Amino acid sequence: SRGVGPGRAAAYGYQIAKSIGRANQSTLLALQVETAEGLANIAGIASVQEVDLIFIGPGDLSVSIDAMGPAGAERLDAAINQIIRSSQDAGRKVGIFRPSSDDVGRYAGLGVSFFILSSDAMALGAALSQSLQAALQALDGKDPDEII
């Protein structure tokens with residue numbers, strides 16, 4: 001249910017019905033599935049009519065289903081594929097987090113249409129790593145400890 005407080009979301013109390021109607025029309029409801037319990041109940045979750053998108057959190061899902069690392073890759077892939085199929089069977093769009101764009105084409109081929117690529121921490125870490133490598137190259141082989 002949606003609140004009708006006198007804030008901006010309800011047009012400050014003026015035209016509440018119109019504002020709520022517009023918000024209901026334009027709001028996307030996405031549910032994130034990242035646990036073994038969510039996986040076990042995906043058909044029921046995806047069948048909820050108000051849900052627009054099922055979003056897969058593969059990192060937490062891998063931990064929850066004990067499919068971490070290379071040894072668990074096949075198990076994680078099977079779980080992700082099950083979520084994708086169940087969501088599509090229910091007429092839901094599917095999204096997924098990917099650490100990079102390397103396999104976006106593969107997931108798009110499976111019908112995934114929403115992607116979150118990387119994260120702020122990953123992007124900042126990559127940028128810092130690039131800057132550090134550039135600085136070390138600029139030192140031209142000098143030991144950084146001698147310069148500091």
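When reading the values below, keep in mind they use all heavy atoms of this one structure, side chains included, and skip hydrogens, waters and symmetry mates. This structure is a prediction, so every number in the text was calculated from the model and none was measured.
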Linked, directly or transitively: [X] and [Y] (ILVMFWY side chains, under 4.5 Å):
| X | Y | answer |
| --- | --- | --- |
| Ile83 | Leu110 | yes |
| Leu29 | Ile20 | no |
| Phe55 | Val94 | no |
| Leu31 | Phe115 | yes |
| Ile80 | Phe97 | no |

Got [X] and [Y] here, is their nearest side-chain heavy-atom distance under 4.5 Å?
| X | Y | result |
| --- | --- | --- |
| Asp66 | Arg75 | yes |
| Glu37 | Ser64 | no |
| Tyr107 | Val104 | no |
| Val51 | Ile45 | no |
| Ile84 | Ile56 | yes |

Please report the closest heavy-atom contact between [X] and [Y], naming both atoms and the distance.
| X | Y | answer |
| --- | --- | --- |
| Gln32 | Gly57 | NE2-CA, 3.8 Å |
| Leu117 | Ser100 | CD2-O, 3.8 Å |
| Ala67 | Leu76 | CB-N, 3.9 Å |
| Val112 | Gln88 | N-NE2, 4.5 Å |
| Ser87 | Ala46 | CA-CB, 3.9 Å |
| Ala123 | Ser118 | N-OG, 3.7 Å |

Euclidean distance, [Y] [atom2] relative to [X] [atom1], rounded to 0.5 Å:
| X | Y | atom1 | atom2 | value |
| --- | --- | --- | --- | --- |
| Ser47 | Ile42 | OG | CD1 | 9.5 Å |
| Glu50 | Thr27 | CD | OG1 | 13.0 Å |
| Gln137 | Leu132 | CD | CG | 10.5 Å |
| Asp52 | Arg92 | CG | CZ | 7.5 Å |
| Ser129 | Leu124 | OG | CG | 12.5 Å |

